[in-house]
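Scroll down for the structure; my scribbles are underneath it.
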Amino acid sequence: MSIVEDLLRCSLAELTERFVTQSRSVPSGLLEALEADPRQGAKTLARRIRSRQGKNRAEGQRLRHLLRFESELWEQGHTHIAGVDEAGRGPLAGPVVAAAAILPKGWRLEGLDDSKKIVDEARRDELAEAIKHGAVAWAVGQADAEEIDRLNIRRASLLAMHRAVQALGIQPDYVLLDAFTIPECTLPQRGIIKGDALSLSIAAASVLAKTTRDRLMRELDAQYPGYGLAEHKGYPTAEHVQALREKGVLPIHRRSFAPVREALGGAPVQAGPIQGELFTGNGAR
């Protein structure tokens, strides 16, 4: 009995689980056999498998495209390429967190993308765990609210990125970053505009930075209840600004940001500039 004949003895539910849910390799001839089967359910299953195959091919092409910067560097002889990104430039509270990730050559992870495009928090957490297990090395770094006020958000973000690179257990041969380069970093580096959407390594770093910061904000919510930090993660939502006015400013609030200054009665910032959009053209994160 051939493999296809043996499979056709299975129930359609079993075949669906194997070739749609689990996305296993489809033996040659099975789709044609299902399409020739008089049962409507078999024909429907064949369409679902073909649809799944099309999505898999599209995802494979997307991931190959996201590795074009890394592939070019691998071909030049660079082995350890670190992607670096940060999260938390725009919030009124909490640290800015950066992450660095070195991926194995040719490594891919289905669904990995810029963290801003992954709206499901549970899915981001799943991807972060897969990155941690699959990466050659990964690390995070941060700059707290006091450093943000003292340096400004742009410099503090670069400091967090530098700390993440320094925390890697392996020194990178090359560093890819989202839009910017790190002045203090002496390693070869390149800033790629919208790099978190164009480089798989930077996308991996963006997911690690986002999930790490979200976890920190949930911990701070337990420490400072009533401000909604677990929900808005420190961003200037109406609820957060109202809590600032009613409950006051916390040690983790960024005093150089306008809504916090206003909650303090317009008190001047002791050090560092009044902060506006210091990452013009790349959006708040």
Side-chain angles (χ1 to χ4, degrees), residues 1-76 78-81 83 85 99 101-138 176 192 194-208 210-211:
M1 183 179 294
S2 70
I3 295 176
V4 170
E5 289 174 327
D6 189 42
L7 286 170
L8 290 175
R9 294 171 66 88
C10 298
S11 69
L12 293 177
E14 290 177 285
L15 295 177
T16 299
E17 173 66 21
R18 182 177 300 187
F19 298 113
V20 178
T21 305
Q22 298 181 12
S23 195
R24 293 190 189 179
S25 178
V26 180
S28 177
L30 178 60
L31 283 172
E32 291 77 8
L34 288 171
E35 289 166 340
D37 193 302
R39 293 173 297 174
Q40 185 58 43
K43 299 180 187 300
T44 299
L45 175 56
R47 288 195 296 271
R48 292 184 66 186
I49 293 173
R50 287 196 185 279
S51 175
R52 177 66 181 177
Q53 288 178 329
K55 291 178 181 178
N56 287 345
R57 285 193 294 271
E59 177 66 359
Q61 291 173 354
R62 185 186 73 85
L63 292 174
R64 282 193 296 275
H65 186 65
L66 283 177
L67 282 171
R68 65 190 183 279
F69 292 104
E70 289 85 347
S71 296
E72 179 181 328
L73 291 169
W74 284 325
E75 290 173 1
Q76 293 173 8
H78 299 290
T79 301
H80 296 131
I81 301 161
D85 200 11
I102 300 175
L103 304 181
K105 186 175 181 178
W107 186 82
R108 300 171 190 174
L109 176 60
E110 183 177 346
L112 178 55
D113 207 337
D114 169 15
S115 63
K116 297 190 294 298
K117 297 180 180 179
I118 306 168
V119 296
D120 186 335
E121 188 171 338
R123 180 56 177 155
R124 281 200 305 268
D125 289 338
E126 290 174 359
L127 290 169
E129 289 305 309
I131 293 164
K132 291 173 183 178
H133 283 97
V136 173
W138 66 274
L176 297 175
I192 302 170
K194 298 189 181 299
D196 48 7
L198 298 174
S199 159
L200 202 66
S201 299
I202 300 176
S206 79
V207 169
L208 292 176
K210 172 65 175 171
T211 54

> Is there a donor-acceptor pair under 3.5 Å between the side chain of Ser199 and the backbone N or O of Gly195?
Replying inline: no

>> Would the distance check show the side chain of Glu75 and the main-chain N or O of Glu72 forming a donor-acceptor pair, the cut-off being under 3.5 Å?
In response: no

>> For the CD atom of Glu5 and the CZ atom of Arg9, what is their distance to the nearest 0.5 Å?
In response: 9.5 Å

> So do Trp107 and Ile102 actually touch side chain to side chain, heavy atoms under 4.5 Å?
Replying inline: no

> Considering all heavy atoms of both residues, which atom of Arg123 and which atom of Gly111 are nearest to each other, and what is their separation?
Replying inline: NH2-CA, 4.1 Å

> If you look at every heavy atom in Ala42 and Leu12, which pair is closest and at what distance?
Replying inline: N-CD1, 3.7 Å

> Tell me, do Thr79 and Lys105 make a side-chain contact under 4.5 Å, heavy atoms counted?
Replying inline: no

> Do Thr44 and Arg47 have side-chain atoms, one donor and one acceptor, less than 3.5 Å apart?
Replying inline: yes

>> Within this structure, what is the NZ-OG distance for the pair Lys116 and Ser206, rounded to the nearest 0.5 Å?
In response: 7.0 Å

> By ring pair (Phe, Tyr, Trp, His ring centres under 6.0 Å), which residues pair with His78, not counting sequence neighbours?
Replying inline: Tyr174

> Passes side chain to side chain contact (heavy atoms under 4.5 Å, CB included), Leu198 versus Arg68? Steps please.
Replying inline: CA-CA 8 Å; Leu198 298 174; Arg68 65 190 183 279; 3.3 Å; yes

>> Are there over 12 heavy-atom neighbours, none belonging to Arg108, within less than 6.0 Å of that residue's CZ?
In response: yes

> Of the non-hydrogen atoms in Ala122 and Asp120, which two are nearest, and what is the gap between them?
Replying inline: N-OD1, 2.9 Å

> Just by modelled atom types, is the Gln61 backbone N or O under 3.5 Å from a matching donor or acceptor in the His65 side chain?
Replying inline: no

>> Pair Lys132, Leu208 - check side chain to side chain contact (heavy atoms under 4.5 Å, CB included), show working.
In response: CA-CA 8 Å; Lys132 291 173 183 178; Leu208 292 176; 3.9 Å; yes

> Mind checking whether Leu30 and Leu8 have side chains closer than 4.5 Å, heavy atoms only?
Replying inline: yes

>> With side chain to side chain contact (heavy atoms under 4.5 Å, CB included) as the criterion, how do Ile81 and Phe69 come out once you've worked through the C-alpha distance, each side chain's angles and the decisive distance to 0.1 Å?
In response: CA-CA 10 Å; Ile81 301 161; Phe69 292 104; over 6 Å; no

>> Please find the pair of heavy atoms, one from Leu103 and one from Ala204, that lie closest to each other, and give the distance.
In response: CD2-CB, 4.2 Å

> To the nearest 0.5 Å, how far apart are CD in Glu110 and CG in Leu63?
Replying inline: 8.0 Å

> Which distance, rounded to the nearest 0.5 Å, do you find between the CD1 of Ile131 and the CH2 of Trp138?
Replying inline: 10.0 Å

>> If I take atom CZ from residue Arg24 and atom CD from residue Glu17, how far apart are they, to the nearest 0.5 angstrom?
In response: 8.0 Å

> Would you say the side chain of Glu35 lies within less than 4.5 Å of the side chain of Lys43, judging by non-hydrogen atoms?
Replying inline: no

> So, Lys117 and Asp196, do they make that salt bridge, N to O below 4.0 Å?
Replying inline: no

>> Restricting to non-hydrogen atoms, name the atom on Leu34 and the atom on Ala46 that form the minimum distance, rounded to 0.1 Å.
In response: CB-CB, 3.9 Å

> Taking atom CZ of Arg62 and atom CG of Asp113, what is their separation to the nearest 0.5 Å?
Replying inline: 4.5 Å

>> Could you walk me through whether Leu45 and Phe19 satisfy the side chain to side chain contact (heavy atoms under 4.5 Å, CB included) test, starting with their C-alpha distance in whole Å, then the side-chain angles of each, then the deciding distance to 0.1 Å, before giving a yes or no?
In response: CA-CA 9 Å; Leu45 175 56; Phe19 298 113; 5.7 Å; no

>> Could you report the tightest heavy-atom contact between Asp114 and Ala203, atom names first, then the distance?
In response: N-CB, 3.9 Å

> Any side-chain heavy atom of Leu176 within less than 4.5 Å of one from Leu73?
Replying inline: yes

